[in-house]
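First up is the structure itself, then whatever we jot down about it.
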Amino acid sequence: EVQLLESGGGLVQPGGSLRLSCTASGFTFSNYLMTWIRQTPGNGLEWVSGIGRTTYYADSVKGRFTISRDNPKNTLFLQMNGLRAEDTAVYYCAAYCLTNNCQVGKFDPWGQGTLVTVSS
Amino acid sequence: DIQMTQSPSSLSASEGDRVTITCRASQSIGSHLCWYQQKPGKAPNLLIYSISTLQTGVPSRFSASGSGTYFTLTISGLQPEDFATYFCQQSSDFPLTFGQGTKVEI
């Protein structure tokens, strides 16, 4: 079964740090460009970051968040530093496209999400 | 950045109705358009990619079309399980962007 499982969310104070993990199973993780997407309490979806042969970031997180991966362990990470109240959201990981052929990009599958709350 | 604008933001419909949701891109995105369905408390689920290709397992009552900057998602014969929120998303260029969502309510 194809599955993604996020962990690492929680409550953190403004300015604090958190590291999210996403463990994949059921597909060849190393072949895929992987992404993080977040959904705010107002329900909007925002793509945050992606990693394939290179890394990609939304302007809203550039310089504060770092995406990385451990292919032998089938795990994706998101290191979040300098957290702000506006970073409060459910964070999802999702596969996006094949690293060596990204002609068709689509978020599938998705993990179940992990909640990050930034508050004092 | 490519802006995606959906309309309406919500709609009320009955079982068996035909509903259409529109999505406009701020610039041409070719065929790089996806649709997702999200139910409360769950992650979004891919319905359609490349404008009109149904993901495996998606019922044929879902269809989609469009080109360039204007796209539509149609559900023909709403079923109880279709009441959800639908998002469009462009995969033409980074940053990848979503529409704000359309909530289909009873």
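Numbered from 1 within each chain, the chains take letters A, B, ... in sequence-line order.
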### Message
Tell me which pairs pass side chain to side chain donor-acceptor pair (under 3.5 Å) where either residue lies in residues 12-22 of chain B, with sequence neighbours left out.
### Response
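The answer is B:Ser7-B:Thr22, B:Thr20-B:Thr74.
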### Query
Where along residues 109-116 of chain A does a heavy atom come under 4.5 Å of chain B, listed by residue number?
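Against chain B, the residues of residues 109-116 of chain A that fall inside the cut-off (heavy atoms, under 4.5 Å) are A:Trp110, A:Gly111.
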### Query
Which word best sums up how the rings of B:Tyr86 and B:Phe62 line up, parallel for under 30°, tilted for 30 to 60°, or perpendicular for over 60°?
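The arrangement is tilted - the two ring planes meet at 30° to 60°.
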### Query
Should the pair B:Arg24 and B:Phe71 be classed as cation-pi, given the thresholds of under 6.0 Å to the six-membered ring centre and 45° from the axis?
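Relative to the ring axis of B:Phe71, which defines the angle, B:Arg24 lies outside at least one limit.
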### Query
Centre of A:Phe77's six-membered ring, under 6.0 Å away, within 45 degrees of the axis: is that where NZ or CZ of A:Arg69 sits?
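Geometry flag: not set, cation outside 6.0 Å or 45°.
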### Query
Based on non-hydrogen pairs under 4.5 Å, which of B:Leu46, B:Thr97, B:Leu96 is most in contact with chain A?
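Most pairs with chain A among the choices: B:Leu96.
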### Task
May I ask you to name which of B:Pro44, B:Cys34, B:Ala43 has the most heavy-atom pairs under 4.5 Å with chain A?
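Heavy-atom pair counts peak at B:Pro44.
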Which pairs would a plain distance check flag for residues 48-56 of chain B, meaning a side-chain donor or acceptor within less than 3.5 Å of a matching protein atom at least two apart in sequence or in another chain?
| unit_1 | atom_1 | unit_2 | atom_2 | d |
| --- | --- | --- | --- | --- |
| B:Gln55 | NE2 | A:Asp108 | OD2 | 3.0 |

### Task
Could you list the residues that satisfy side-chain contact (heavy atoms from CB on, under 4.5 Å) with A:Ser17, not counting sequence neighbours?
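For A:Ser17 the side-chain contact (heavy atoms from CB on, under 4.5 Å) partners, ignoring immediate neighbours, are A:Gln79, A:Asn81.
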### Aromatic ring proximity A:Tyr96/A:Phe107, centre distance under 6.0 Å
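Yes, close enough.
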